[in-house]
Amino acid sequence: MPVVEVLRLGHRLERDKRISTHVALTARALGAKKIIFTVEDESVKKSVEKIVNTWGGDFKFEVVKNWKKYIKDFKERGIVIHLTMYGANVNEYMPKIRDEFKDKDILVIIGAEKVPKEVYELADYNISIGNQPHSEVAALAIFLDRLFEGRTLYNDYKNAKIKIIPSKDKKIVIRENNEN
Ligand code: SAM
């Protein structure tokens, strides 16, 4: 089964801690297998590891300084999609992307601040989630949800210490030690 990885390009150490953590958690919760950061931030790493440890699964966290090499190497086995408000509309390209995803991995790139021109050139697709500026978290969530057509909202994670039983009128939580 092909997999999705997310490359978070850039991260401003003080300003972006929370949003970068949200990018990683959104990637995990909506079906990606790995997040790659280009800037080291121990507190973001710890927050993500804590969620994985409690809520399960084998979501990977990696820091890669040479992101150009990472993208070029990835292209040997998959397609690279850069999410940008300047890109082609997701509505038009998603059927083609979903078709390629049958046998190729996907690397989704999202930015923190201005994204270098090279990224636009290295990407196989520059895709917009509408052509208005909004957020990398929103862009990533919509892209993944469209790609997986809602299926990953039912994901079950191995080795979870805590699980939620969906309910429209109650809060039902199952913990490893069976305490509610
Ligand atoms: N000002 C930056 C620039 O010119 O590249 C964009 C900053 S934006 C807050 C951070 C990231 O959110 C972008 O790099 C892009 O990945 C994502 N993003 C924001 N709006 C988007 C949209 N309409 N479609 C797709 N991605 C979007």
Side-chain angles (χ1 to χ4, degrees), residues 2-45 47-48 51 59-75 77-101 104-153 155:
V3 297
V4 177
E5 297 184 8
V6 175
L7 175 65
R8 163 68 157 165
L9 203 64
H11 166 80
R12 291 159 290 187
L13 276 169
E14 279 321 308
R15 197 175 151 174
D16 287 341
K17 275 185 197 310
R18 196 170 147 82
I19 194 152
S20 288
T21 305
H22 287 186
V23 162
L25 299 187
T26 300
R28 172 187 173 273
L30 293 178
K33 293 291 176 211
K34 179 170 162 186
I35 182 91
I36 302 108
F37 279 93
T38 58
V39 176
E40 225 155 316
D41 186 329
E42 200 52 32
S43 73
V44 174
K45 183 169 187 262
S47 303
V48 175
I51 294 285
F59 185 71
K60 302 274 183 298
F61 184 106
E62 195 177 326
V63 179
V64 164
K65 295 280 164 66
N66 192 345
W67 54 266
K68 277 180 220 165
K69 181 174 182 322
Y70 195 88
I71 296 172
K72 284 178 188 160
D73 289 349
F74 192 96
K75 284 170 77 98
R77 65 180 162 102
I79 55 169
V80 174
I81 295 168
H82 170 218
L83 296 181
T84 163
M85 66 178 175
Y86 305 103
N89 197 297
V90 67
N91 288 343
E92 278 131 51
Y93 279 86
M94 189 47 85
K96 185 160 169 35
I97 292 169
R98 226 185 273 127
D99 197 50
E100 291 198 50
F101 187 47
K104 284 182 197 152
D105 292 342
I106 288 182
L107 179 68
V108 183
I109 304 177
I110 40 152
E113 40 194 337
K114 197 168 164 39
V115 170
K117 195 169 153 234
E118 271 167 298
V119 176
Y120 291 80
E121 292 161 359
L122 281 169
D124 296 296
Y125 298 93
N126 289 285
I127 294 292
S128 66
I129 309 295
N131 301 108
Q132 299 296 316
H134 49 82
S135 140
E136 49 270 53
V137 177
L140 180 63
I142 290 174
F143 179 83
L144 291 176
D145 192 54
R146 294 278 183 95
L147 180 69
F148 290 110
E149 300 178 289
R151 289 188 302 279
T152 52
L153 301 186
N155 272 356

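Quick caveat, the model's predicted, so the values are computed rather than measured. Indexing begins at 1, ligand by ligand and atom by atom, following the structure's order.
Near G130, the atoms of ligand 1 lying under 4.0 angstrom from a non-hydrogen atom of the residue are 22 (C), 23 (N), 24 (N). Residue I110 has at least one heavy-atom neighbour below 4.0 Å for each of these atoms of ligand 1: 16 (O). For ligand 1, the atoms lying closer than 4.0 Å to a non-hydrogen atom of V115 are 5 (O), 14 (O). Near A139, with a cut-off below 4.0 Å to any heavy atom, the atoms of ligand 1 are 25 (C), 26 (N), 27 (C). Heavy-atom contacts of Q132 reach the following atoms of ligand 1: 20 (N), 22 (C), 23 (N) (cutoff under 4.0 Å).
Considering backbone and side-chain N/O atoms, Y120 never comes within less than 3.5 Å of an N/O atom of ligand 1. At least one N/O-N/O distance between H134 and ligand 1 falls below 3.5 Å. Ligand 1 has no nitrogen or oxygen under 3.5 angstrom from a nitrogen or oxygen of N131.
Surrounding CZ of F61 are more than 12 heavy atoms belonging to other residues, nucleotides or ligands, all under 6.0 Å away. Applying the 6.0 Å contact sphere to CZ of R98 captures more than 12 heavy atoms from other residues, nucleotides or ligands. The neighbour count for Y86 OH, taken as heavy atoms of other residues, nucleotides or ligands under 6.0 Å away, does not exceed 12.
Within a 4.0 Å radius of atom 12 (O) of ligand 1, the protein has at least one heavy atom.
A distance of 6.0 Å or more separates the ring centres of H82 and Y125. Aromatic rings of F143 and F148 (six-membered ring for Trp) have centroids beyond the 6.0 Å cut-off, not under it.
In terms of protein heavy atoms, atom 3 (C) of ligand 1 is closest to K114 CA, 3.9 Å. Of all protein heavy atoms, the one lying nearest to atom 24 (N) of ligand 1 is I129 N, 2.9 Å. Among protein heavy atoms, the minimum distance from atom 6 (C) of ligand 1 is reached at E113 O, 4.3 Å. In terms of protein heavy-atom proximity, atom 4 (O) of ligand 1 is nearest to Y86 OH, 4.2 Å. Counting protein heavy atoms only, atom 17 (C) of ligand 1 is closest to E136 CA, 3.8 Å.
Among residues two or more places apart in sequence or in another chain, the side chain to side chain contact (heavy atoms under 4.5 Å, CB included) test is passed with N131 by S128.
Looking at A138 against ligand 1, nothing comes within 4.0 Å, counting heavy atoms.
A salt bridge is defined here as a Lys NZ or Arg NE, NH1 or NH2 lying under 4.0 Å from an Asp or Glu carboxylate O, and K34 with E62 meets this definition. At a threshold of 4.0 Å, the pair D124-K75 counts as salt-bridged, since one of the basic side-chain nitrogens sits closer than that to a carboxylate oxygen.
Nearest-residue assignment for atom 7 (C) of ligand 1 (options S128, A112, G111; heavy-atom criterion): A112. Of all the listed residues (L83, T84, L9), L83 holds the heavy atom that lies closest to atom 16 (O) of ligand 1.
In terms of heavy-atom proximity, A29 sits nearest to N155 at O-ND2, 4.3 Å.
Side-chain contact annotation: T38 with R8, donor-acceptor N/O pair under 3.5 Å absent.
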Inset, instruction - With salt bridge (Lys or Arg N to Asp or Glu O under 4.0 Å) as the test, would you mind laying out the steps for E5 and K60 before giving the verdict? - result: CA-CA 9 Å; E5 297 184 8; K60 302 274 183 298; over 6 Å; no
